[in-house]
Amino acid sequence: MEGGMATLKEFLKSDRFATCAGVELLEIKPGYAHARMEVTDRHLNGGGVCQGGALFTLADLAFAAVANSRKKLTLSVNANITFLRPAKLGYVYAEAVEVFNHHRIPFVEVKITDEQGELIAVFTSSGYRKESDLPVDALE
Ligand SMILES: CC(C)(COP(=O)(O)OP(=O)(O)OC[C@H]1O[C@@H](n2cnc3c(N)ncnc32)[C@H](O)[C@@H]1OP(=O)(O)O)[C@@H](O)C(=O)NCCC(=O)NCCSC(=O)Cc1ccccc1
């Protein structure tokens with residue numbers, strides 16, 4: 001990011017691993033974020049379904065968006081994912097909600113669904129919110 005102030009969406013584009021995996025942030029509001037990723041051939045594991053780490057990466061960026069939507073730098077200190085159904089080729093969506101907006105240790109839940117709206121995975125994470133302000137002036 002050049003010249004200081006930008007949006008949180010632009011700030012998070014510097015997460016090149018997630019960007020390379022095809023993760024796109026669709027919406028960020030205070031306490032809420034929506035993201036998607038297209039599952040392509042390169043996301044598949046040996047079993048022919050979307051690799052778990054790819055789904056984790058989608059959830060991780062959605063976590064980053066919602067946890068940082070308060071404009072204070074917030075990093076994940078633990079994360080858990082439960083895979084409920086296999087994801088096949090096509091879009092998967094992540095809806096992230098800050099369930100507990102604690103000033104220091106917020107808690108976030110991310111639900112991943114497929115194009116049919118079927119629940120694919122649930123990710124939960126606690127963040128650590130630092131005092132430092134993010135160099136952003138808007139969310140999107
Ligand atoms: C940021 C912070 C959590 C805190 O930093 P500071 O404020 O400088 O403070 P300090 O490090 O001194 O810690 C204070 C105290 O807390 C303790 N403690 C720490 N963790 C734990 C624990 N899990 N469990 C128990 N205790 C823990 C620590 O030992 C210390 O204890 P002490 O006072 O000596 O007794 C730092 O430890 C860190 O970077 N951790 C790795 C986070 C990371 O890499 N996450 C993944 C990537 S981010 C992501 O996924 C999303 C994203 C993307 C893009 C943008 C944004 C987000």
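We count ligands from 1, going down the list as the structure has it; atoms in each ligand are counted the same way.
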Exercise. Applying side chain to side chain contact (heavy atoms under 4.5 Å, CB included), name anything that partners Ala62, two or more places apart in sequence or on another chain.
Key: Ala35, Ala94, Ala96, Val110
Exercise. Go through the structure and list residues passing side chain to side chain donor-acceptor pair (under 3.5 Å) with Arg129, not counting sequence neighbours.
Key: Thr74, Glu98, Asn101
Quiz prompt | Atom pair CG/CG of Leu44 and Leu89 - distance to nearest 0.5 Å | solution = 5.0 Å
Quiz item: So if you build clusters from Ile, Leu, Val, Met, Phe, Trp, Tyr with side-chain heavy-atom gaps below 4.5 Å, do Phe107 and Phe123 land together?
Solution: no
Quiz item: Can we say Asp133 and Lys72 salt-bridge, meaning some charged N sits less than 4.0 Å from an Asp/Glu carboxylate O?
Solution: yes
Quiz item: For Thr40, which residues count as a side chain to side chain donor-acceptor pair (under 3.5 Å) partner, sequence neighbours excluded?
Solution: His43
Under 3.5 Å: N or O atoms of ligand 1 paired with protein N or O:
residue: ligand 1; atom: 7 (O); partner: Lys130; partner atom: NZ; Å: 3.3
residue: ligand 1; atom: 8 (O); partner: Lys130; partner atom: NZ; Å: 3.0
residue: ligand 1; atom: 23 (N); partner: Val77; partner atom: O; Å: 3.2
residue: ligand 1; atom: 45 (N); partner: Ser76; partner atom: O; Å: 2.8
residue: ligand 1; atom: 50 (O); partner: Asp60; partner atom: OD1; Å: 3.0

